[in-house]
Amino acid sequence: MLEKTEPQTIAPQQFAEIERKHGANNYTILGDVVLSHGEGVWLYDTNGNRYLDCLSAYSAVSQGHCHPRILQAMIDQAQRLPLASRAFRNDQFAKFLLKLNEVTGFDKALPMNSGAEAIETALKLTRKWAYTRKGVPHNQAEIIVAQGNFHGRTTTIISFSTETAYREMFGPHTPGFTTVPYGDIEAIRRSITPNTAGILIEPIQGEGGVIVPPDGYMRAVRDICTKNNILFMADEIQVGLGRTGKMFAFEHENARPDILILGKALSGGFYPVSAICADTEIMDVFEPGDHGSTYGGNPLGAAVATEALNVIVDEHLAERAAELGEYYLERLAEIPSPYVKEVRGKGLLIGIEVNETAGGAHRFCLELQKRGILCKDTHKTVIRFAPPLVIDKETIDWTIPIVTEVLNMPQN
Ligand SMILES: *Cc1c(COP(=O)(O)O)cnc(C)c1O
C-alpha cells in the first residue's frame, strides 16, 4: 500500500502565500482547502478532511480519482517507454486507435494532449476539407459557433468566445467565425453561406452554465450540416464518455457528428490526452506535415487512455450516469429553497441555477466546501454537480441534507 500523504516540507498555511507570490494569478481559488490525495469520489486535504468531489475536474475524473486499473497501466507503461517520436511506430498507439474505433464507431482518430489542441485540430481539418473537398475559395472558410461556448483558451479559440474576460484583452482575434444563439436552429440556417465549412457545437454547454438545448437541436444541426455539405463538429470534451448517460451525448438524438472531439475523461485524470475522431474520407484530408504534436499519441498517453476507455466500458459508467443522474436530479429538484430558480441537466451533469435574491452561486459553494462537498460555481448563478460516475446512491443521499441546509442559508 502506498503512503497516501506526502511528508510536508511546506506548512499547509503557507501554500496560499507562496502561490500568490510565485504563481501567475490566473485562477480564482475557491476556499482554502489544500488537496493532497484522492480515491474514487473522495478528495482529502492536507489536514486529512474528506470531501466529495462534485466537479471531477470538469469531468476529467469520471472514472474516479486514482482508478487502480488506470494507475497500473500508467505505471507499467512509464517503466517501459513514456515517449518516442511519432516519427517512429510504437507498440501502444495501434491498440489505442483500435479501442477508440471500437468505442466511438469512427474509422480514424488523431490524438493530441489538451482539449483546446483537439479543438484546434478539428478547426484545421474542417478548413482544409472546405478548401480541398468543398471548393471554398482559399482563406474564405467560415465556421459557425454558439454564444456562451467554451472550447478552450488558445488565441484562435478565445477569438470566438463570447465571454469578455476570456477574449477582450487578447486580440487581434482570428477571423472566420460566425456566432449564433445556442439552441436556435433558425439562426444557424440564416448564417449559412456558400463558404460555410463547419459548425462547432457542445451538445450541452457545461461551462456556459449547464445549458441543455431544446429537444431535437442536435438532430437538426446534423440534418442542416448534411443538407448544406457542412461538417458537424461535436465538442464532447466535457459531456462525452458517459457523463450524460450515453457514451456520447450526440447519441441522445442520433446526431452523429462528422468530427467528434474528446478529452478530459479520455485519460481518467492521469495525464492529458485528447483526440478527434472522424471517418476516413474526412480524416484523410490531413497529409504528412499538416499537423502534429510532440506528445500527441505517445505510448504513455496511449496506454493510459486505452485503459481509461476500458474502465468506462467495463464498469458501465454511461449506464450508471443515466440511472444515478436521473435519481440525483430528482432529489436535488425536490429540495425546498427560496433561492433555487431551476435544476437541470442530463445524466450526472447537473446544474442548480439560483435566482436574483440568492446573492450568486459562489457563497453556496463555499458553504458546501465547509461541509465536505466540493462544487464550483459556473456562470455566476449555477452550482454544478458532476461527481465521478463511480458514485453510488448512498453517497448521493448523503449530500441531500447538506445541500438542503446550504441552499437555505440567508445572505449576510
Ligand atoms: C475543458 C473543455 C475544453 C478545453 O479543454 P482543455 O483540456 O482545458 O484545453 C474544450 N471544450 C469543452 C467543452 C471543455 O469542457
Side-chain angles (χ1 to χ4, degrees), residues 24 26-28 53-62 110-126 143 145-163 165-167 170 177 179 182-183 198-213 217-218 221 232-244 248-250 257 259-277 293 295-297 301 304-305 308 321 345-351 376-379 382 384-386 388-389:
N26 61 328
Y27 271 94
T28 306
D53 185 2
C54 274
L55 184 60
S56 307
Y58 312 88
S59 295
V61 214
S62 286
L110 194 171
M112 297 292 285
N113 311 285
S114 68
E117 284 175 295
I119 298 284
E120 292 276 357
T121 305
L123 296 173
K124 281 176 70 177
L125 183 63
T126 297
I143 290 172
V145 297
Q147 272 168 24
N149 70 70
F150 183 82
H151 299 292
R153 301 291 206 152
T154 63
T155 39
T156 285
I157 293 172
I158 57 95
S159 292
F160 56 83
S161 172
T162 53
E163 199 65 27
Y166 295 172
R167 147 190 176 97
F170 306 108
F177 298 95
T179 308
Y182 185 65
I199 300 179
L200 173 63
I201 293 282
E202 296 159 83
I204 293 174
Q205 288 186 333
E207 300 314 296
V210 191
I211 309 294
V212 184
Y217 181 63
M218 283 287 113
V221 170
F232 172 22
M233 291 167 270
D235 179 351
E236 297 230 10
I237 291 169
Q238 185 162 153
V239 297
L241 299 172
R243 175 57 56 185
T244 70
F248 301 106
F250 73 77
I259 303 175
L260 173 67
I261 306 158
L262 302 175
K264 296 204 165 118
L266 184 53
S267 52
F270 279 88
Y271 186 93
V273 181
S274 63
I276 67 163
C277 303
S293 162
Y295 276 82
V304 166
K346 220 173 220 166
L348 278 169
L349 178 59
I350 302 170
K376 202 186 96 64
D377 47 307
T378 171
H379 246 240
V382 180
R384 172 171 33 194
F385 289 82
L389 307 182

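Atoms considered below: every heavy atom in the structure, side chains included; atoms not considered: hydrogens, waters and symmetry mates. Just so it is clear, the structure is predicted and the values come from calculations on it, not from any experiment. Note that ligands are numbered from 1 as they come in the structure, with each ligand's atoms numbered from 1 the same way.
Residues E236 and A249 approach most closely at OE1-N, 2.7 Å, considering heavy atoms. Across I204 and K346, no two heavy atoms sit closer than the pair CD1-CB, 3.6 Å.
Among the atoms of I119, none of the N or O lies under 3.5 angstrom from an N or O of ligand 1. Residue contacts with ligand 1: E207 is placed with no nitrogen or oxygen under 3.5 Å of a nitrogen or oxygen of the ligand (distance criterion only). When only interatomic distances are considered, the shortest N/O to N/O separation between I237 and ligand 1 does not fall below 3.5 Å.
Interface of E202 with ligand 1, defined as ligand atoms under 4.0 Å from a residue heavy atom, comprises 13 (C). Within ligand 1, counting atoms from 1 as listed, the ones closer than 4.0 Å to a heavy atom of Q238 are 15 (O). Ligand 1 places these atoms under 4.0 Å from at least one heavy atom of A116: 4 (C), 5 (O), 6 (P), 9 (O).
Looking at R153 against ligand 1, nothing comes within 4.0 Å, counting heavy atoms. Proximity of Y58 to ligand 1, defined as any heavy-atom pair under 4.0 Å, is not found for any part of the residue. In K264, the part holding a heavy atom less than 4.0 Å from any atom of ligand 1 is the side chain.
Within the 4.0 Å cut-off (strictly below), no protein heavy atom is located near atom 8 (O) of ligand 1.
Between K124 and E117 there is no salt bridge, since no side-chain nitrogen of the basic residue lies less than 4.0 Å from a carboxylate oxygen of the acidic one.
A tilted orientation is assigned to the rings of F177 and F160, their planes being inclined by 30° to 60°.
Using modelled atom types, no side-chain atom of T179 and backbone atom of A146 make a donor-acceptor pair closer than 3.5 Å.
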